Amino acid sequence: MEHRNEAIPKGPVMTHFSAMSLLKNALTGNKNWTEQWPDAQPKKEYDVIIVGAGGHGLGAAYYLAKEHGITNVAVIEKGWLGGGNTGRNTTIIRSNYLYDESAKLYDHALDLWDNLSTELNYNIMYSKRGVMMLAHNVHDVQSFQRHIHSNQLNGVDNRWLTTAEAKAFCPPLNVSPDARYPVMGAALQMRAGTARHDAVAWGYARAAAKRGVDIIQNCPVISIRRGADGSVEGVETAKGFIRAKKVAVSAAGHTSVIMQTAGVKMPLESYPLQALVSEPIKPIFPCVVMSNTVHAYISQSDKGELVIGSGTDQYVSYSQRGGLPLIEHTVAAICEVFPIFNRMRMLRKWGGIVDVTPDRSAILGKTPVKGLYVNCGWGTGGFKATPGAAHLLAWTVAKDEPHKLNAPFTLERFTTGRLIDEAAAAAVAH
Amino acid sequence: MLLINCPYCDDALPELEFAYAGEAHIARPADPSKLSDEEWRDFLFIRSNPRGLHAERWRHIHGCGRFFNALRDTVSDRFLTTYPAGQPRPDVTKLEAAE
């Protein structure tokens, strides 16, 4: 532990994953693998504490160490690593947002997704299988074409498919003109797709721990302590007080509860967002399909399960369950667009607690409290942003100023009125 | 499925009959032109979002159509009580003592 004060701290030694190490360990009975990351106990003080060990928080710790040389960092998690929304989403990755600020932010994340497996030496199974968004009426057609034009001006990949092209791209799709919600075309982002969500958390955790970051699990943060001058002093946790001059909160649905302990009121409400998977079947579904009008989205995991989701429950809740009426609505929507699946049996469902802002855009930056940073408000679409949010949060914490990509995503925009109104753009939770 | 007691219909009915309508007891400013930007922010965007007891509006949209308020625990989703719009937030300690 004393070594942490050296210029280039060394974390634990870990096996480099490669075909060679796989073969070597196979031949020695798989008994010599090192642990993926150590389960750290808190030190008295860190340079930076990150609250929340989801993909965003772990990634921020990794980029702090790798790009800014700040390795005396702790990521503190109330449960287990990646057990919050990182492990509870439908793993969809895309960047076809309407407004310039959002398109640039999510496309930054997409650029980082591209090379992430190699960078982390961890197979996150990023699969660019394409995300197709269905248009069912004239309004959808006009709105998606507006999105496509806006995306193309921003250099973001997105294009229009006719009904026949949509059917060719996704054969299970029902394109009958007699359908209650006929498919009138679709927007396709080919760079978009899915990734293995757990692996994203594990990969970042391992790469961060390797650079000396402490990952402390089963340690709820109770409050943020501020000094006499108002600046951050550290956090009170279940394992005692931990000192740090910089604290970054990246706690998704619980962000407003934690921020309140520092006296910062947040424009957030927390809702359950549910998802469900079917029994595993042979590969049938080649892409991700979203239908905003019928309101559901679907893809097939590499295990063969259909992964299905839709919007949030209607009421504020921290239950991590959600209600059954929403599942019924979601499954009805899937059967409407894909009658082929109407006899599928569903295996399990779950809920994550998502923090939703009034304009449905994230908040990523500084706060009125010196030394306190926040990354929240990703609502129903935080997974896709993981590497981008992590990278920009690390930048903001290290330099005490936002990167130009997250500069518009301030907390102050709710005072100045300079909103980034993706809520109006999508007309549904997204 | 939540069962919600409509205080007008005086019956516990399935969640599907109701529409959620956000946090309760947020009064529109009496003199809007006097408000600072911070006060507008608080009125428009800041919500208490508690992990615990939440006072919230519901509308019996597929029933009597009227708005009412409810006290609900946001962790267990259990309703403590519902009451007509316009009434002050009930005292929780009295409610719990009555149970």
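None of the values given here were measured: they were computed from a predicted structure. Chain letters run A, B, ... following the sequence lines, proteins first, then strands; residues in each count from 1.
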Exercise. Should B:His60 and B:Tyr8 count as side-chain neighbours, where that means a heavy-atom distance under 4.5 Å?
Worked result: no

Exercise. Between B:Tyr83 and B:His25, what is the ring plane arrangement, given parallel below 30°, perpendicular above 60°, and tilted in between?
Worked result: parallel

Exercise. Side chain, backbone, both or neither: which part of A:Leu419 has an atom under 4.5 Å from a heavy atom of chain B?
Worked result: side chain

Problem set entry | Heavy-atom closest contact (A:Thr357 atom, A:Gly377 atom, distance) | CG2-CA, 3.6 Å

For this session: Kindly determine whether A:Ser256 and A:Asp355 satisfy side chain to side chain contact (heavy atoms under 4.5 Å, CB included), including the steps that lead there.
Result: CA-CA 8 Å; A:Ser256 64; A:Asp355 44 332; over 6 Å; no

Exercise. What part of B:Phe43 is in contact with chain A, defined as an atom under 4.5 angstrom from a non-hydrogen atom: side chain, backbone, both or neither?
Worked result: neither

Exercise. Is it the side chain or the backbone of B:Leu16 that comes within 4.5 Å of chain A heavy atoms, both, or neither?
Worked result: side chain

For this session: Give, as side chain, backbone, both or neither, the part of A:Val316 having an atom under 4.5 angstrom from any heavy atom of chain B.
Result: both

Exercise. What part of B:Asp77 is in contact with chain A, defined as an atom under 4.5 angstrom from a non-hydrogen atom: side chain, backbone, both or neither?
Worked result: side chain

Exercise. Of the backbone (N, CA, C, O) and the side chain (C-beta and beyond), which part of B:Ser36 lies under 4.5 Å from a heavy atom of chain A, both, or neither?
Worked result: neither

Seminar exercise, completed: Of the listed A:Ile353, A:Asp313, A:Leu268, A:Leu324, the one with the largest count of heavy-atom pairs under 4.5 Å with chain B is A:Leu268

Problem set entry | side chain to side chain contact (heavy atoms under 4.5 Å, CB included) evaluation trace for A:Val221 with A:Val249 | CA-CA 10 Å; A:Val221 167; A:Val249 177; over 6 Å; no

Exercise. Can you tell which of B:Glu39, B:Glu15, B:Arg51 has the highest number of heavy-atom pairs within less than 4.5 Å of chain A?
Worked result: B:Arg51

Exercise. Do NZ/NE/NH1/NH2 and the carboxylate oxygens of A:Glu101 and A:Arg413 come within less than 4.0 Å?
Worked result: no

Exercise. So which part of B:Pro14 gets closer than 4.5 Å to some heavy atom of chain A, the side chain, the backbone, both or neither?
Worked result: neither

For this session: Please answer whether the main-chain N or O of A:Tyr97 pairs with a side-chain N or O of A:Ser102 as donor and acceptor at a distance below 3.5 Å.
Result: no

Problem set entry | Engaged part of B:Asp42 at the chain A interface, taking heavy atoms whose separation is under 4.5 Å | side chain

